[in-house]
Asks: 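Dropping the structure in here first, questions after.
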Amino acid sequence: MAHHSQLLAILKASAKHETPSKGKQIHAHIIKSGLEQCSVLPNNLIHMYGKCGLLQNALSLFDKMLHRDVVSWASILATLTHADQSRHALAIFPNMITLDRIEPDNYIFATLFRACASLPEAAKHGKQVHARFLSSPFSDDEIVKSALVDMYSKCRLPDNARRVFDSIPHKNCVCWTAMVSGYARNGRNSDAMHLFKRMPVKDLFSWTALISGFVQNGDGVRGLKLFVEMRSERVEISDPFILSTAVGAASDLAVLELGRQLHCLVVVLGYESSIVVGNALVDMYAKCSVISAAKQVFDNVPQKDIFSWTTMIVGAAQHGQAEESLALFNSMLHAGFKPNDVTFIGLIYACSHAGLVDQGRQLFDSMIKDYKIVPSLQHYTCLLDLLSRSGLLIEAENLIQAMPFEPDEACWAALLSACNHHNNTRMGIRVADRLLLLNLRDPSVYILLSNMYAGAGMWDQVSKVRKIMAVMEVRKQPGYSWIDLGKESHTFYAGEVLHPMKDEILGLLEELGVEMKKRGYVPDTNFVMHDLEKHEKEAQLFLHSERLAVALGLLKAVPGMTIRVVKNLRVCGDCHTVLKLVCSIMGREIVVRDANRFHHFNDGKCSCGDFWSGSKALKRCKGKAITIKLLHLDRWCKCTKPPEESCRMYKPAICHIGCYP
DNA sequence: AAGATATTTA
């Protein structure tokens, strides 16, 4: 057999190419010939196993080693960290000092900080190790400082990161990117931008860090503009993450044409079979309301992972295709995947919106028993929604009392809405009284309250609620809707028509109104919050943003094409009725993505089965603007700002995304 | 002789 140095060379090659078979043979040889006395070969073996993803082999070798040195420790800690076992790494680190009597060196520090970075709650631990690092002989090491910048960035302490960053005399691209990413991921957009501009050398990583920060913070337009700028600076796209980020921005904004262009770019650049990009495309088509295209892309993702399956399951669920969600779930199990917490949220949501009570309950139980997943508040909210929508109100009320979370506004509102729907006034009043004690954040919940009290003839309570509503109205986020017409996109706010085609839009709506009345439409003014005369309320409904956007679509979109509109809030009940009539009068399919789900209007019917008024269970408030936390999927409709600038954004995008100018 | 730092989707 070969010499020591040749063995080393083979181990290095095995590690580099992640092909462990040769390396394993050498392991056997090392044991047979007693070469494990010296730590060099075993250390390389640990490294090789780590690189090849064979954590157990690495651990058992490490445990058996008689003479571990600092390199053995660095190798095993790095292996654990890369295998997503950072907790384990931090847990065994003290043994290095107490049992093996070895002091950490710069490699150890860098790895430990990386481990803390992947555990955002480990900031305290990280700070202790930081103190130790400062008093060590390695306190000037710049790689360790880079790792520290990254750790503080990921532990939501960007200012701590900045202090370390400023202490690095010769900054390389890695630490610049870590710092830009630190600002970007913590919502410090202008700091991120400012620092990015000062970067002496920018590479693809830095662009990705910056752009993904903007997208994650709800500014998809800004993110896409930067992507276009990056393209025009001819930065080579040598990995898929930037593409998945850009596609993700198109999903948030529901800009289908831009999404399609990005899809073309993906194909041109040869990332069609990348899972990261494939999953983003599936999500994009689902969120742009073309669920059939999502399924098509999904079917063509070659090596599906848990994200692919869950994205598709959730997408189908949001489009009201419960059977499809459940069928996908079966295929997923068949393919050998283990569902996770998000998968079950999608599944229970699907059951809830399709009235599949028993299925949904079984899934909830199976999640706990068979998959050992501890249900979160979102899971309980979905289950609660399932029971209450199906009229199992007592069971729902018991659940809200028994669940191990404090029920929030959204939970009570879900139950109240169901009491309303199923005409259970007694429980409704009980729930309404409960809600009235809370300082409600979602103004539209008060409409439910008011209607509930009015139904019971409790006029004192009605006037009390109305008074609160008058104050709330001021704070209410304006409703707006937008429509993507390919080369331009337009945003409408409720109550105003700022558009060059104003007259045509209003004219069309008038005309449609006449035809709707012939078909028996009577405006339902319960959905107007203001205390106004009846005709004034009707005038408000007439200018709801989703109608204006649909009208523009009918006027300008290619004849026969589906009209796709996105609304920041939920579609109001009256608009829901109107859109059912409009789709049938015009013979056009209309799809509206609202804050809660997708509504496919076709042939006078809606895919939601008219249970639109169901729960607001999945709505949460965050900061000033209402963002929607549907299905615990934070990225859902993160547009806290409407994409109003996108009219100008598109044209350059079309030239620059696919090819250079 | 060997080990370390930045971008990512539901």
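In what follows, every chain begins at residue 1, and chains take the letters A, B, ... in the order their sequences are listed.
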Asks: Tell me whether A:Phe241 is stacked on the nucleobase of B:dT8, counting only the six-membered base ring and applying the 5.5 Å and 30° thresholds.
Replies: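 No; by the centre-distance and plane-angle rule, A:Phe241 does not count as stacking on B:dT8.
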Asks: Take atom CD1 of A:Ile313 and atom P of B:dT9, then tell me their distance rounded to the nearest Å.
Replies: 19 Å
Asks: Are A:Phe196 and A:Trp207 an aromatic pair, judged by ring center distance below 6.0 Å?
Replies: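 Yes: the rings meet the under 6.0 Å criterion.
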Asks: Quick one: the side chain of A:Asp239 and the base of B:dT7, do they pair up donor-acceptor inside 3.5 Å?
Replies: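 Check passes, donor-acceptor contact within cut-off.
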Asks: Between A:Asp283 and A:Thr311, is the side chain to side chain donor-acceptor pair (under 3.5 Å) condition met? List the steps.
Replies: CA-CA 6 Å; A:Asp283 193 43; A:Thr311 307; 5.5 Å; no
Asks: Nearest to the side chain of A:Phe205 - B:dA10, B:dT7, B:dA1?
Replies: B:dT7
Asks: At less than 3.5 Å, do the side-chain atoms of A:Ser146 and the base atoms of B:dT5 form a donor-acceptor pair?
Replies: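 Answer is yes: a donor-acceptor pair is held.
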Asks: How close or far is atom C1' of B:dT7 from atom CZ of A:Phe196, stated in whole angstroms?
Replies: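 Going from A:Phe196 (CZ) to B:dT7 (C1'), I get 12 Å.
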Asks: Tell me whether A:Tyr107 and B:dG3 count as stacked here, given that the ring centres must be under 5.5 Å apart and the planes must differ by less than 30 degrees.
Replies: yes
Asks: Find the distance A:Ile211:CD1 to B:dT9:P and express it as a whole number of Å.
Replies: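 It works out to 13 Å between those atoms.
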Asks: Answer with base, sugar-phosphate or nothing: what part of the nucleic acid does A:Cys175 contact at a heavy-atom distance below 4.0 Å?
Replies: nothing
Asks: Below 30° counts as parallel, above 60° as perpendicular, anything between as tilted: where do the rings of A:Tyr371 and A:Phe344 land?
Replies: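 The arrangement is tilted - the two ring planes meet at 30° to 60°.
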Asks: Any chance you could lay out the side chain to side chain contact (heavy atoms under 4.5 Å, CB included) test for A:Met230 and A:Ile242, step after step, and finish with the verdict?
Replies: CA-CA 10 Å; A:Met230 185 194 99; A:Ile242 187 66; 4.0 Å; yes
Asks: Counting heavy atoms from C-beta on, name the nucleotide in B:dG3, B:dA2, B:dT9 closest to the side chain of A:Lys12.
Replies: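 The answer is B:dA2, which lies nearest to the side chain.
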Asks: Under 4.0 Å between any heavy atoms, over every strand shown, what does A:Thr208 touch: base, sugar-phosphate, or nothing? Just pick one.
Replies: base
Asks: For A:Phe93 and B:dG3, what is the distance between atoms CZ and C1' respectively, to the nearest whole Å?
Replies: 15 Å
Asks: Confirm from the modelled atom types if A:Asn340 and B:dA10 form a donor-acceptor pair under 3.5 Å, side chain to base only.
Replies: yes
Asks: Any N or O donor-acceptor pair under 3.5 Å from the base of B:dG3 to the side chain of A:Asn44?
Replies: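 A donor-acceptor contact between them is absent.
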Asks: Atom CE of A:Met179 and atom P of B:dA6: how far apart are they, to the nearest Å?
Replies: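 My rounded result for the distance is 15 Å.
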Asks: B:dG3 C1' sits how many Å from A:His47 NE2, rounded?
Replies: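 So the two atoms are 7 Å apart, to the nearest Å.
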Asks: Picking from B:dA6, B:dA1, B:dA2, which would you name as closest to the side chain of A:Val174?
Replies: B:dA6
Asks: For the residue pair A:His130 and A:Phe133, categorise the inter-ring angle as parallel (less than 30°), tilted (30 to 60°) or perpendicular (more than 60°).
Replies: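 The arrangement is tilted - the two ring planes meet at 30° to 60°.
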Asks: Counting the atoms with a prime plus P, OP1 and OP2 as sugar-phosphate, which does A:Lys171 contact under 4.0 Å by heavy atoms, base, sugar-phosphate, or nothing?
Replies: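 No contact.
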Asks: Please report, rounded to the nearest Å, how far the C1' atom of B:dT5 is from the OH atom of A:Tyr152.
Replies: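 Atom OH in A:Tyr152 sits about 15 Å away from atom C1' in B:dT5.
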Asks: Round to a whole Å and report the spacing from CD1 of A:Ile237 to P of B:dT8.
Replies: 15 Å
Asks: Would you indicate what A:Val70 reaches in the nucleic acid, counting non-hydrogen atoms under 4.0 angstrom: base, sugar-phosphate, or nothing?
Replies: base
